[in-house]
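Values below: every heavy atom of this structure, side chains too, minus hydrogens, waters and symmetry copies. Below, chain A is the first sequence line, B the second, and so on; all start at residue 1.
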Amino acid sequence: VDSRELREFTEFYSGSYVRLRKQLFAVTGDLAEAEDVLQEAYARASLRWSRLRAYDAPEAWVRRVALRLAAMTARSLRRRARALLRLHHPSELPDLTPDAIDLYRALPALPFGQRQVLVLHHLAGLPVAEVAAELGLPAGTVKARLSRGRAALARRLDPTSQLRQEQKGLPR
Amino acid sequence: MIDLDQRLEDLTTQATAPRPVPEPEGVLRRGRRRRRRQLAGAAVLLVAVVAAGALALPGGWHGRAPTPLAPAGPPPEPVNRFLGWWQDNIDASIFPRQDAGAVDRQALARRLAALPEVDRVWFETREQALDRYRTMFWDRPEMTRNLDPAALPEAFRVRLRGPDAFARLHRHLCGTARPAAKRCSLTIDLVSDQRAALFRTLSGRSWAGRVDASILLDPPEPARPTWPPSGACSRQPPG
């Protein structure tokens, strides 16, 4: 890798890291794991940077790889343990506002696919068609996952419907 | 309805902002390590191909391999496909020592073929094991994607016949009726009872919908340094 490409890569890295870390955190729910899959994805990008730099959005490539790594749950459990050992920090969250805590607790209840779609659409700000292209899914599937995910989150986050839920669950 | 855009942004900002952005140098280092590993993997594959070629030389091995895995009709679930093939074809696996040369292996092959309890024996190279694994899990790419060919050991696969065949085979080869902690013999690392392994896996807790196929495919075989060959001084001439 020549020095110009190296400089470009470091700029790309510093420019995109914070954004992607947020997105991966929202999908995985664990900061150590998000950072680890992201580091791996960037490492792979660094190996083929001379090709990737010509892409419209190398960031999307890194995100796709990181999401795929995060999706391999069996492997990611191992990776989480390794990441914890290496980073030497328990994955504790910093102080969050009550709203943020609620959302943080609600997210893991969604299936991985729904979380992925919600994050790409609502946090990364991609339109449905681009989410579909990025994940290799039909647009209809993306829409369905979006609406199911939103409904599930609303149920968990909105206290009144929460109450309804609990009442429904009570024994008669 | 909740404002999901804003709340996701708030949550992730609050959760990630306190951690600094790691230096890019770490990522670059990790990339270089990855490249080195890939190169090493390719080298191992090359060695395996050369070794398999040596084994196929004249006077080499003539075992009859079982029918290849060709499912008729709709492919069964990967698990069934795997178990069915396994049960039909393999009773025991003999893992030669890594430092056993082509001559040792040929001697071992002849010896195995001559044993009365051995119905059929063939040699499976690393690539063949990898091919089989890939065929079995063609629809489970996550199980084959990052598979390291070096992780699959080469082995003599054996179909046995007769009662207590495995115990007798093991006694012939290693002197004891069942696998012991230490290495089996000068040329054999391990003789593994595949039926027992299969049964263990089937009844064990690892069998929860998801198969960890590596358990079935390769018995734990720690990588050993191939040089210097331990016990090289005390090695007896074969036969």
Side-chain angles (χ1 to χ4, degrees), chain A residues 1 6 9-14 17-19 21-26 29 31-32 34-35 38-49 68 71-75 87 89 93-97 99-104 107 118-119 121-125 146 149-151 153-154 156-158, chain B residues 1-42 78-79 137 139-148 151 201 205-217:
Chain A
V1 190
L6 194 66
F9 178 78
T10 16
E11 273 166 24
F12 160 70
Y13 172 87
S14 344
Y17 187 86
V18 170
R19 230 180 353 257
R21 183 169 63 181
K22 284 187 198 172
Q23 295 166 11
L24 263 299
F25 168 76
L31 193 50
E35 291 202 324
L38 207 49
Q39 295 261 315
E40 177 66 26
Y42 273 115
R44 292 184 191 184
S46 77
L47 290 179
R48 27 179 99 58
W49 180 244
R68 209 160 48 217
M72 298 182 204
T73 39
R75 289 167 47 91
L87 300 174
H89 74 99
L93 287 174
D95 293 336
L96 299 177
T97 58
D99 265 9
I101 290 182
D102 286 349
L103 181 58
Y104 177 68
L107 275 173
L118 281 178
V119 167
H121 186 64
H122 288 283
L123 186 61
L146 268 180
R150 271 195 298 247
L153 275 187
R156 284 167 182 277
L157 294 177
D158 176 11
Chain B
M1 198 59 200
I2 48 171
D3 179 7
L4 200 49
D5 292 27
Q6 192 54 50
R7 286 187 71 168
L8 270 172
E9 181 64 39
D10 289 348
L11 163 66
T12 52
T13 309
Q14 287 171 28
T16 59
R19 280 195 45 88
V21 175
E23 287 298 314
E25 186 46 43
V27 160
L28 294 169
R29 233 184 355 250
R30 195 163 169 164
R32 284 195 293 271
R33 241 190 348 251
R34 197 178 162 75
R35 166 130 49 208
R36 274 200 299 275
R37 270 206 309 273
Q38 282 168 351
L39 291 176
V79 173
F137 294 100
D139 50 357
R140 300 281 289 277
E142 75 276 10
M143 299 189 75
T144 52
R145 193 176 294 128
N146 291 322
L147 196 65
D148 181 2
T201 317
R205 67 193 150 73
S206 63
W207 197 261
R210 202 186 178 82
V211 197
D212 185 0
S214 59
I215 299 175
L216 293 167
L217 209 64

Measure up the A/Y104 and A/F25 rings against each other and bin them: parallel (under 30°), tilted (30 to 60°), perpendicular (over 60°). parallel
With a 4.5 angstrom heavy-atom cut-off, is it the side chain or the backbone of A/Y42 that approaches chain B, or both, or neither? both
For B/Q6, is it the side chain, the backbone, both or neither that has a heavy atom under 4.5 Å from a heavy atom of chain A? neither
Under 3.5 Å, is there a donor on one side chain and an acceptor on the other for A/R150 and A/H122? yes
Please check if atom CD in B/Q38 has more than 12 non-hydrogen atoms from other residues, nucleotides or ligands closer than 6.0 Å. yes
Which of A/L107, A/T97, A/V119, A/D102 touches chain B most, by non-hydrogen pairs under 4.5 Å: A/T97
Can B/R32 and B/E25 be counted as an ion pair, charged N to O under 4.0 angstrom? yes
